[in-house]
Amino acid sequence: ETLDRLCIHGSVENKFPTESFRAAFDDLDLPTEVVGDGESLGPTDAVASFRPRPEFHDAAWVHCIRAGYDEFDTASYEAAGVPLTNSTGIHDTTVGEMAIGYMLSLARLLHVYRDRQVERDWYAPPYERPFTVENERLCVIGLGTIGEGIARRADALGMEVVGIRRSDESVPGVSERYHPDDLHDAIGDARFVAVTVPHTPETEGLLAGPEFEVMRDDAYVINVARGPIVDDDALVSALESGDIAGAALDVFAEEPLPEDHPLWGFEEVIISPHRGSATNRYHLDIADLVKENVRRIRDGEPLRNRVA
Ligand code: NDP
Ligand code: 7N6
């Protein structure tokens, strides 16, 4: 197949400078162009975008610059016969380190000391509060790229790592695997529960009231996947009632998290602004995925990360 143009939709600016991303294709022998909404696209145009757009259904191929493509309607791409690819397979280190950072902070109280530093307060926490992550149990829900990235690193820190996935493949660093039907068994003894599944009809509201009741009251929830997988209202109630001890959240049902949202107000909740994957070379990692698929299209090979 032939491609005459690679279009970069302006919505990529949500995650990195559009121009840096465009420049990452300077070594590709394919003209690149930054396009806005309503650009007319044809059967020799490829598109890379953060957001879906109706006009993408006229393109040769669409690449979603996110691993989570839940905002893209896969059925509509299938109906239009336009292949859609996503950006999974590259977030093991970035999001893996982020999750380890959350756990170390929650155990060693870095977030609390930093809050107190703002007040120049030489703060002494309750003696019972600090702990080490070593020997603590972590349950990773979703053993894909990110789940494995977290599991390997947690294992290296001496944590006991268990996980949940539908398929039966083993994962380095994970000592025990559970089926999604056994969610409550898997999370019941965990000090940390990390959510790393895609947002799908099956995973929406996966962690809600009953799960917070099953969890230890000294447990922490980590969500680096998508907001709606954890029921916000139930999480706030569980934090208020002491059903769980705290949380670290990179993703929210509504982003940016509204200023008046109760989750902002908890000392034991760490909030990051959906930057789990952010690094100063993130645009290059995504560009590599796009270039690989340009090569495959030209060589007539199946696309990497094809999701529709
Ligand atoms: P992967 O596709 O590599 O991994 C997802 C894993 O989840 C799969 O291995 C799958 O394993 C498992 N899974 C799917 N459904 C279920 C289920 N119902 N119960 C249990 N396990 C399930 O994706 P990534 O690891 O790259 O990314 C995961 C998600 O994280 C993305 O979809 C995205 O929403 C989010 N994300 C967030 C980022 C951030 O900035 N915070 C950055 C990147 C991604 P199996 O098939 O065996 O069940
Ligand atoms: C950065 C988005 C994903 O799904 O939401 C994340 O990849 C990060 C482009």
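Numbering of ligands and ligand atoms starts at 1, following listing order. Both backbone and side-chain heavy atoms feed into the values below; hydrogens, waters and symmetry mates do not.
Within the 4.0 Å heavy-atom criterion, both parts of A67, backbone and side chain, lie near ligand 2.
Of the candidates R226, H274, H91, the one placing a heavy atom closest to atom 4 (O) of ligand 2 is R226.
Remark: distances from the non-hydrogen atoms of S277 to ligand 2 include one below 4.0 Å. In this structure, Y69 has no heavy atom closer than 4.0 Å to ligand 2.
Between F252 and H261, the distance from one ring center to the other does not fall under 6.0 angstrom. If you look at F50 and H9, their ring centroids are not closer than 6.0 Å.
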Need the list: ligand 1 N/O atoms against protein N/O atoms, distance under 3.5 Å, rounded to one decimal.
from     : atom 1 : to   : atom 2 : distance (Å)
ligand 1 : 3 (O)  : T88  : OG1    : 3.1
ligand 1 : 3 (O)  : T145 : N      : 2.9
ligand 1 : 3 (O)  : T145 : OG1    : 2.9
ligand 1 : 9 (O)  : G144 : N      : 3.3
ligand 1 : 9 (O)  : R165 : NH2    : 3.4
ligand 1 : 23 (O) : T88  : OG1    : 3.2
ligand 1 : 25 (O) : T145 : N      : 3.3
ligand 1 : 25 (O) : I146 : N      : 2.8
ligand 1 : 26 (O) : T88  : OG1    : 2.6
ligand 1 : 34 (O) : R226 : NH1    : 3.2
ligand 1 : 41 (N) : V224 : O      : 2.9
ligand 1 : 41 (N) : D250 : OD2    : 2.9
ligand 1 : 46 (O) : R166 : NH2    : 2.8
ligand 1 : 47 (O) : R165 : NE     : 2.7
ligand 1 : 47 (O) : R165 : NH2    : 3.4
ligand 1 : 47 (O) : S167 : N      : 3.0
ligand 1 : 47 (O) : S167 : OG     : 2.3
ligand 1 : 48 (O) : R166 : N      : 2.8
ligand 1 : 48 (O) : R166 : NE     : 2.8

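The residues D168 and R177 are annotated as salt-bridged, a charged nitrogen and a carboxylate oxygen being separated by less than 4.0 angstrom. For R226 and D70, the salt-bridge test passes: some basic side-chain N is under 4.0 Å from an acidic carboxylate O.
Between the side chains of R22 and T32, at least one donor-acceptor pair of N or O atoms lies under 3.5 Å.
Listed by number with element, the atoms of ligand 2 under 4.0 Å from a non-hydrogen atom of I65 are 9 (C).
Judged by distance alone, with hydrogens and angles left aside, the side-chain atoms of S175 form a donor-acceptor pair with the main-chain N or O of V161 at under 3.5 Å.
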I would like to know whether T88 and R66 meet side-chain hydrogen bond (donor to acceptor under 3.5 Å, both in side chains); could you show each step before the answer?
CA-CA 7 Å; T88 194; R66 318 178 73 178; over 6 Å; no
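By the 3.5 Å distance cut-off applied to N or O atoms, K15 is not counted among the residues near ligand 2.
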